[in-house]
Amino acid sequence: MTAVKLAGRESIYQPEQPGLKFPSIPTFETKAQQRQYLKERLVAACRAFAQHGLDYGFAGHLTVRDPEFPELYWTNPMAVHFAQVKVSNLILVDHKGKVLEGGYAVNRAGFVLHAAVHAANPDIVAMCHAHTEYGTAFAALGKPLAPLSQDAAAFFEDHVVIREEAGQVAVETQAGSSVCDKFRGVKAAIHQNHGLFTVSRHSIDSAAFWFIALERCCKQQLMIEATGQQPVLVSPERSRYSREHVGSEYIGWLHFQPIYEHLAATQPDMFE
């Protein structure tokens, strides 16, 4: 099965016909404009997590690198519900966990893991983690996601199972350093007895959507396995083909755009 040539397009989903409305990635004249854009997208990602019921008390950390100072990252404030995150309460943190902008504390576990991953992987611009119902349950199995559908095939050979520090809360700095190398070359990780992580070398939009998608795929696999029936898997060849066309960073970004537009129209307070 061969890939379709795209004639300069990044994805086959981009229209060949000119003049049609279709999402496009913006360009910026200043770093300040880009920073504001990234902060708004980070807030939207938090709100999307709230809509999908991915909250669990104060657990859950979403981060995106600052466009001007890549050694710093923006993240959601400690002990603020995803549904109440807004531009004005985001915090800017360095890799040592020091809050450089904003009035809220940083989540210690979020700092330990996210800072380590960002520091060890300069190409990763965004990262998402939350203690979700199905992802946490699936993580207890200590195995990778199976290619049960086109949606699951998006993660085929593009995620990893991490067993180091399994089930132990990451509050000591060395806990982050023991897992940070596992994220190289993949967009997602299943941390045994802990939960799901996604990373992006493209955007917070992509990292957020692939997290939502991974949680959904974990739910579906648990449902299928509960039937006791042996499922029919997508073949490796077809899984790779599907991953190429529906599992890229760009496709994750594209999937997030209708989510963002809906949130922007219905929750304008997120821009405060």
Side-chain angles (χ1 to χ4, degrees), residues 38-64 73-93 97 99 102-115 117 126-140 145 167-171 176 187-200 203-223 252 255-256 258-272:
L38 291 175
K39 290 168 70 175
E40 291 175 0
R41 297 288 163 149
L42 174 59
V43 171
C46 292
R47 297 292 182 103
F49 273 36
Q51 280 195 331
H52 286 82
L54 305 182
D55 58 291
Y56 180 71
F58 63 79
H61 338 290
L62 286 73
T63 55
V64 63
Y73 60 89
W74 294 92
T75 188
N76 53 301
M78 173 67 174
V80 174
H81 194 279
F82 283 140
Q84 294 182 304
V85 175
K86 55 184 68 177
V87 170
S88 60
N89 61 25
L90 292 176
I91 56 176
L92 182 65
V93 186
V99 177
Y104 285 83
V106 63
N107 187 309
R108 175 69 186 181
F111 147 67
V112 166
L113 287 172
H114 286 232
V117 172
M127 184 174 181
C128 297
H129 169 61
H131 289 203
T132 60
E133 186 174 4
Y134 297 101
T136 302
F138 189 84
L145 193 70
Q168 178 174 301
V169 62
V171 292
K187 68 171 176 274
I190 299 170
H191 193 194
Q192 184 178 313
N193 305 112
H194 184 187
L196 309 180
F197 289 83
T198 55
V199 296
S200 176
S203 59
I204 182 62
D205 310 53
S206 184
F209 176 77
W210 287 127
F211 188 97
I212 294 168
L214 184 57
E215 167 73 2
R216 188 169 181 263
C217 287
C218 287
K219 177 181 179 180
Q220 291 169 346
Q221 183 163 339
L222 289 170
M223 292 171 65
H255 269 303
F256 192 77
I259 297 174
Y260 176 84
E261 293 298 335
H262 176 69
L263 287 167
T266 59
Q267 300 184 28
D269 66 299
M270 70 182 192
F271 300 118
E272 296 174 358

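Below, each value reflects all heavy atoms present in this structure, side chains not excepted, and no hydrogens, waters or symmetry copies.
- Taking CD from Gln267 and CZ from Arg47, the interatomic distance works out to 5.0 Å, rounded to the nearest 0.5 Å.
- Contact of the Phe138 side chain with the Leu222 side chain is registered, since non-hydrogen atoms from C-beta on lie closer than 4.5 Å.
- With a 4.5 Å cut-off on side-chain heavy atoms, Lys187 and Leu214 do not count as touching.
- Proximity of Tyr73 to Val93: side-chain heavy atoms (C-beta onward) are separated by under 4.5 Å at one or more points.
- Within the model, atoms CG of Asp205 and CG of Leu38 stand 8.5 Å from one another, a figure rounded to the nearest 0.5 Å.
- Shown here are the ring pair (Phe, Tyr, Trp, His ring centres under 6.0 Å) partners of His255, two or more places apart in sequence or in another chain: Phe209.
- Looking at residues two or more places apart in sequence or on another chain, you find a side-chain hydrogen bond (donor to acceptor under 3.5 Å, both in side chains) between Thr132 and Glu215.
- Under the 3.5 Å distance criterion, the side-chain polar atoms of His81 are matched with a main-chain donor or acceptor of Ala83.
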Worked check of side-chain contact (heavy atoms from CB on, under 4.5 Å) between Cys128 and Ile204: CA-CA 8 Å; Cys128 297; Ile204 182 62; 3.9 Å; yes
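- For the pair Gly195 and Ala139, the tightest heavy-atom approach, listed with the atom from each and the gap, is N-CB, 3.8 Å.
- When all heavy atoms of Phe271 and Ala264 are compared, the closest pair comes out as CZ-CB, 3.8 Å.
- Judged purely by atom type and a 3.5 angstrom limit, Asn89 uses its side chain to pair as donor or acceptor with the backbone of Gln84.
- A donor-acceptor pair is defined here as one N or O able to donate and one able to accept, closer than 3.5 Å; such a pair exists between the side chain of His129 and the backbone of Leu196.
- In this structure Tyr134 satisfies the ring pair (Phe, Tyr, Trp, His ring centres under 6.0 Å) test with no other residue, sequence neighbours excluded.
- Nearest heavy-atom pair, Gly103 versus Ile91, reported as atom, atom and distance to 0.1 Å: N-CG2, 4.4 Å.
- With values rounded to the nearest 0.5 angstrom, Glu133 atom CD is found 8.0 Å from Lys219 atom NZ.
- Thr75 contributes no side-chain N or O that, together with a main-chain N or O of Thr63, makes up a donor-acceptor pair within less than 3.5 Å.
- Looking at Val117 and Phe197, their side chains never come closer than 4.5 Å, going by heavy atoms from C-beta outward.
- You'll find the side chain of His194 reaches within 4.5 Å of the side chain of Leu113, heavy atoms only.
- Note that NZ of Lys39 and NZ of Lys86 are 13.5 Å apart. Values are rounded to the nearest 0.5 Å.
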Working for side-chain contact (heavy atoms from CB on, under 4.5 Å), residues Val199 and Trp210: CA-CA 9 Å; Val199 296; Trp210 287 127; over 6 Å; no
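- Contact of the Phe82 side chain with the Leu62 side chain is registered, since non-hydrogen atoms from C-beta on lie closer than 4.5 Å.
- No side-chain heavy atom of Ser203 sits under 4.5 Å from any side-chain heavy atom of Phe256.
- A distance of 11.0 Å separates SG of Cys46 from CG of Leu263, quoted to the nearest 0.5 Å.
- Ring geometry for His131 versus Tyr56: interplanar angle under 30°, hence parallel rather than tilted (30 to 60°).
- Going from atom CG of Asn107 over to atom CG of Asn76 covers 8.0 Å, rounded to the nearest 0.5 Å.
- Across Ala79 and Phe58, no two heavy atoms sit closer than the pair CA-CB, 3.9 Å.
- Of the residues Val87, Val43, Val64, the one that meets the side-chain contact (heavy atoms from CB on, under 4.5 Å) test with Trp74 is Val64.
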